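What follows is one structure encoded as structure tokens, with my remarks underneath.
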Protein chains: 2
Amino acid sequence: MPLDLRVDRSSPVPLYFQLAQQLEAAIEQGRLTPGSLLGNEIELAARLGLSRPTVRQAIQSLVDKGLLVRRRGVGTQVVHSQVKRPLELSSLYDDLAAAGQRPATKVLVNTVVPASATVAAALGVAEGGDVHRVERLRLAHGEPMAYLINHLPPGLLDLDTGRLEATGLYRLMRSAGITLHSARQSIGARGATAAEAERLTEAEGAPLLTMQRTTFDDTGRAVEFGDHTYRPTRYSFEFQLLVRP
Amino acid sequence: MPLDLRVDRSSPVPLYFQLAQQLEAAIEQGRLTPGSLLGNEIELAARLGLSRPTVRQAIQSLVDKGLLVRRRGVGTQVVHSQVKRPLELSSLYDDLAAAGQRPATKVLVNTVVPASATVAAALGVAEGGDVHRVERLRLAHGEPMAYLINHLPPGLLDLDTGRLEATGLYRLMRSAGITLHSARQSIGARGATAAEAERLTEAEGAPLLTMQRTTFDDTGRAVEFGDHTYRPTRYSFEFQLLVRP
DNA sequence: TAGTGGTCTAGACCACACA
DNA sequence: GTGTGGTCTAGACCACTAC
């Protein structure tokens, strides 16, 4: 049975987007099986009463997501799954909540401090100038999982301790109207210092997973610099990435 | 002075691609400065003798790369730098060579073995069936940096030890006509076992950075499963990522 | 109000894969 | 040869931003 696709021209949602959503849902629900051909663009456009460029735009967005593959002379095929979500700038809090881990946050430090050389360089502010410093302990099922140190430029955000404990930093930023654009990350490992060990209830010298990240908004301004340590027995970085064509 | 843009209609290179390349080069060379407006699409199209959709396609490709930002009612701006390269599926060998680290590879194992349960699940082959197993020690400046264990489905590739020592595994795959599509990665940390410690000239229990990765081609077939350990004093994962809009 | 990007149309010709 | 996606055109109207 052919797919039941239709678009609503009275909706404010763009036509290509409506089509892309329906195709994605069909793939997710298995109504479009991996490896199957989508049917050619011209016929699909005619069937839906759309122009070919509009149909192409819908298909292209799913190709960009890695769900479809196009081959000239062959057709458009559904990728043999394995693809779920590309790497994205998600907060640890949301990741944990999505995994059903009942995350909790304890804000241990929330203050304004003079910027160290490292922080100043990362945020593009003057050394010794004011920056927000936040230190948080992230727990799952009551067990410490990560220790998060973040620095933010002054005046960017109202960092309320209560809200920091109820949600993630990125969610706070987005709801403050900040458009996140890109981030530069470095992931490594090292032995825990005595202070780190105590915070995370590990032994001194125990292996820790570390991440440093600077996040930029769409004007190129650095909006956050994070220095995080994770207990590797409790957390690892899982992600999917697509090969640029 | 306005940008000197031009397209060659006799070239087999698509017009939108020619334009995108020139804009990207202008950004990279600073002839288009961060924050500057690109000028509206209709005028740009008229100036180049192109249609607006073609110009839009060029601009869109740079937006996807994170180099430009479009705002309705405002215009198209060059992002305030910081953006260099998105996360991509590169080989450690190429990364090291690009950083001028004179990488070297010692192939320690290159044979066919029966698939373990883990390998069989990752590659989608029968447990106990034949798979290629490759173990390599990666060195930089003569120092061990990583120990790489890879499994590949049988018959996919001619795994010549000489070529494995001269280049990276991904380069070999691509030159064999395999179209890499996506990969699923997990990055973590743990203490070194006695065997791992000896391979990497570390102490037993020393922190190691670990990565497991399964790579898929565009038909959805798993083409490689890697289990790698890195010396965190010598290597960390550095990458940039873009926020999906 | 003026200017921008966002969406959409109805065609056209070409390059490539496959039988 | 036939069918597919890849590229390109010359318009149109709309939504949002800034003044």
Side-chain angles (χ1 to χ4, degrees), chain A residues 5-23 35-64 66-79 177 179 181 218-219 244-245, chain B residues 5-23 35-64 66-79 177 179 181 218-219 244-245:
Chain A
L5 297 169
R6 62 186 68 187
V7 293
D8 175 8
R9 299 194 88 100
S10 69
S11 162
V13 178
L15 301 178
Y16 80 89
F17 195 80
Q18 293 183 38
L19 177 54
Q21 280 183 316
Q22 290 180 45
L23 290 174
S36 65
L37 286 166
L38 204 60
N40 76 62
E41 300 172 349
I42 287 107
E43 192 222 8
L44 190 54
R47 184 143 63 94
L48 288 163
L50 297 173
S51 70
R52 187 181 168 206
T54 301
V55 171
R56 273 185 69 80
Q57 191 175 1
I59 292 176
Q60 185 60 47
S61 70
L62 298 184
V63 171
D64 291 342
L67 296 175
L68 299 177
V69 181
R70 287 206 264 219
R71 291 173 218 263
R72 193 170 359 197
V74 178
T76 303
Q77 283 178 307
V78 180
V79 168
T179 305
H181 177 267
D218 59 359
T219 69
R244 47 159 201 186
Chain B
L5 296 170
R6 63 186 66 187
V7 292
D8 174 10
R9 300 193 88 101
S10 69
S11 162
V13 178
L15 300 177
Y16 80 88
F17 195 80
Q18 293 183 38
L19 177 54
Q21 280 182 316
Q22 290 179 45
L23 290 174
S36 64
L37 285 167
L38 205 60
N40 77 60
E41 299 172 351
I42 286 110
E43 191 223 8
L44 190 54
R47 183 144 63 94
L48 288 163
L50 296 173
S51 69
R52 186 183 169 206
T54 301
V55 171
R56 273 184 69 80
Q57 192 174 1
I59 292 175
Q60 186 59 47
S61 70
L62 298 184
V63 171
D64 291 341
L67 297 174
L68 298 176
V69 181
R70 288 205 263 218
R71 289 175 220 264
R72 190 168 2 195
V74 179
T76 303
Q77 283 178 308
V78 180
V79 167
T179 305
H181 177 267
D218 59 359
T219 69
R244 47 163 203 182

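By convention in this document, chain letters (A, B, ...) are assigned in the order of the sequence lines, proteins followed by strands, and residues within each chain are numbered from 1. Nothing here was measured: the structure is a model prediction, and the numbers come from that model. Both backbone and side-chain heavy atoms feed into the values below; hydrogens, waters and symmetry mates do not.
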Strand-adjacent residues in residues 5-17 of chain B, judged by heavy atoms under 4.0 Å from DNA chain C: none
Donor-acceptor side-chain pairing of A:Gln22 and A:Arg6 below 3.5 angstrom: no
Touch class at under 4.0 angstrom, heavy-atom based, for A:Arg71 against every strand present: sugar-phosphate
Report, one pair per line, the protein and nucleotides 11-13 of chain D atoms (nitrogen or oxygen only) whose separation is under 3.5 Å.
from, atom 1, to, atom 2, distance (Å)
D:dA12, N6, B:Arg52, NH1, 3.2

Positions of residues 37-45 of chain A (non-hydrogen atom under 4.0 Å from DNA chain D), listed by number: A:Gly39, A:Asn40, A:Glu41
Counterpart residues, side-chain contact (heavy atoms from CB on, under 4.5 Å), relative to A:Asn40 (two or more places apart): A:Ile42, A:Glu43
For DNA chain C, stems built from three or more consecutive Watson-Crick or G-U wobble pairs below 3.5 Å: C:1-18 with D:1-18
Nearest heavy atoms of B:Val7 and B:Leu48, plus distance in Å: CG2-O, 4.2 Å
Protein-nucleotide distance (A:Leu68, atom CG; D:dG5, atom P), rounded to Å: 11 Å
Would you list the protein and nucleotides 14-16 of chain D atom pairs, both N or O, that sit under 3.5 Å from each other?
from, atom 1, to, atom 2, distance (Å)
D:dA15, O4', B:Arg72, NH1, 3.3

Separation of C:dG6 C1' from B:Arg70 CZ (nearest whole Å): 8 Å
Check: B:Val13 main-chain N/O paired with B:Gln18 side-chain donor or acceptor under 3.5 Å: yes
